[in-house]
2 protein chains.
Amino acid sequence: MSLDTRLSGILHVLLHMAEHRGPVTSEVLARAMHTNPVVVRRVMAGLREKRLVASTKGHGGGWTIACDMERTTLRHIYEAVGSPALIALGNRSERPTCLVEQAVNAALDETFREAEALMLERLGGGSLATLSADFHARMVEHGHSIDHHHHNHSHDPEHST
Amino acid sequence: MSLDTRLSGILHVLLHMAEHRGPVTSEVLARAMHTNPVVVRRVMAGLREKRLVASTKGHGGGWTIACDMERTTLRHIYEAVGSPALIALGNRSERPTCLVEQAVNAALDETFREAEALMLERLGGGSLATLSADFHARMVEHGHSIDHHHHNHSHDPEHST
DNA sequence: ACTCATGTAACTGTGTATGTTACATGATGG
DNA sequence: CCATCATGTAACATACACAGTTACATGAGT
């Protein structure tokens with residue numbers, strides 16, 4: 001089965017935005033994410049509805065973070081992209097009349113619910129700030145080498161990736 | 001995303017088989033599962049390789065359970081159907097050179113791994129016998145009413161669902 | 001031999017995430 | 001005020017995996 005990568009992608013994009021002072025265009029974010037600007041806008045639209053990011057049009061426009069990164073968790077982001085299914089397995093039929101199927105569903109649903117709850121709890125326990133801090137730690141670990149990441153530390157945000 | 005229902009379906013089928021004395025044909029199992037006989041054979045092929053079920057051709061042929069239902073766990077069945085992905089989310093790229101993406105992947109992978117481990121543990125903790133017992137308990141609860149499940153208790157296995 | 005049932009290949013159907021093109025809308029700057 | 005830039009969105013194309021279907025070969029039983 002092909003996996004849903006919207007959460008992964010949008011987190012990547014948000015962390016890049018956090019390193020910028022001004023707005024970042026979909027065009028720039030799309031290059032960092034190796035995808036199309038429209039895909040970025042499509043996913044960002046969900047975050048904008050939740051006021052996690054803001055967009056401005058025209059010259060010098062683009063996307064900016066509009067939330068407190070300390071308070072915003074990965075779960076908030078997950079929900080903003082539409083709360084896609086976390087578990088890849090399912091039952092053949094909900095509300096079956098067959099008792100055999102009811103027993104099977106009950107056993108599997110229990111397992112699925114537990115795993116889903118665990119994932120939501122873990123996502124709710126990590127903030128964007130924590131994630132960004134982890135990124136910075138990795139940067140230090142790599143000796144701030146610009147070659148090994150997509151962000152540059154120059155004072156000109158126009159040339160960052 | 002559409003869910004993988006092979007585990008659910010095959011468990012349904014196995015529990016029905018457990019109520020039968022002789023072999024059960026793909027045709028009969030397919031009707032209980034509301035699907036096509038070929039789909040049943042396709043999934044059962046994986047179980048046969050693991051010697052969990054056996055198949056016989058010709059008159060009076062069909063599928064029979066070839067394992068100890070006390071010792072066989074849902075995890076064994078899960079693996080027999082090919083260990084499909086449990087988690088529906090993924091990273092946009094494995095082994096990224098971008099440190100931002102590495103940080104994102106690390107955070108998500110940790111969560112995914114934990115949830116996956118939990119699911120495998122739960123699946124490994126439930127046997128086919130337990131599941132079958134749960135089914136029988138449900139049957140008692142419903143006053144053994146034949147109308148509410150697909151299995152009949154007559155002495156003629158040829159007319160069971 | 002005839003029938004029944006599995007074994008399997010090949011093809012189709014379907015749903016969803018993703019990618020792309022096209023164009024409208026609105027903001028900025030000269 | 002008009003050209004440019006960037007978002008907003010619809011519409012369509014693509015990719016992929018599970019599920020369903022058709023067709024036919026193989027082997028077992030009567």
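In the text below, chain A, chain B and the rest are named by the order of the sequence lines, each starting its count at 1.
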Separation of atom CH2 in A:Trp63 from atom C1' in D:dT7, rounded to whole Å: 7 Å
I'd like to know whether B:Glu79 forms a salt bridge (charged side-chain N to carboxylate O under 4.0 Å, His left out) with B:Lys50, so could you lay out the CA-CA distance, the side-chain angles of the two residues, the decisive distance to 0.1 Å, and finally the verdict. CA-CA 9 Å; B:Glu79 288 167 354; B:Lys50 295 282 173 63; 5.5 Å; no
Atom CG of A:Leu3 and atom P of D:dC18 are separated, to the nearest Å, by 11 Å
What is the distance from NE2 of B:His34 to P of D:dA19, rounded to the nearest Å? 16 Å
Just N and O in the side chain of B:Thr5: are any of them under 4.0 Å from OP1 or OP2 of D:dA19? yes
Rounding to an integer number of Å, can you tell me how far A:Met17 CE sits from D:dT7 P? 10 Å
State yes or no: do A:Leu120 and A:Val81 share one hydrophobic cluster built from I, L, V, M, F, W and Y residues joined by side-chain heavy-atom distances below 4.5 Å, directly or via other members? yes
Please tell me whether A:His16 and A:His20 have a donor and an acceptor in their side chains that are separated by less than 3.5 angstrom. no
Name the residue closer to the 5' end of DNA chain D, choosing between A:Gly61 and A:Ala45 according to the nucleotide with the nearest heavy atom. A:Gly61
Please examine the side chains of B:Met44 and B:Ser26, heavy atoms only from C-beta on, and report whether any two atoms are closer than 4.5 Å. no
Going by distance alone, is a donor N or O of one side chain under 3.5 Å from an acceptor N or O of the other, for A:Ser127 and A:Thr130? yes
Gap between atoms CZ and P, on A:Arg92 and D:dC18 respectively (whole Å): 14 Å
Does A:Thr25 make a side-chain N or O approach to OP1 or OP2 of D:dA6 shorter than 4.0 Å? no
From CG of A:Leu29 over to P of D:dG8, roughly how many Å is that when rounded to an integer? 13 Å
Protein-nucleotide distance (A:Arg6, atom CZ; C:dT18, atom C1'), rounded to Å: 10 Å
CG of A:Asp4 versus C1' of C:dG19: gap in Å, rounded? 15 Å
Determine whether B:Glu114 and A:Glu121 make a side-chain contact, defined as any pair of heavy atoms from C-beta on separated by less than 4.5 Å. no
Closest non-hydrogen atom pair between B:Asp4 and B:Pro84, with its separation: OD2-CB, 3.4 Å
Once each nucleotide of nucleotides 21-30 of chain D is scored for protein heavy atoms under 4.0 Å, what B/S/- sequence comes out, 5' to 3'? BB---BBBB-
May I have all residue pairs that pass salt bridge (Lys or Arg N to Asp or Glu O under 4.0 Å) and include part of residues 63-72 of chain A, sequence neighbours excluded? none
Less than 4.5 Å apart, side chain to side chain, heavy atoms only: is that true for A:Arg48 and A:Arg41? no
Give, ordered by number, those residues of residues 46-55 of chain B having at least one heavy-atom distance below 4.0 Å to an atom of DNA chain D; if nothing qualifies, reply none. none
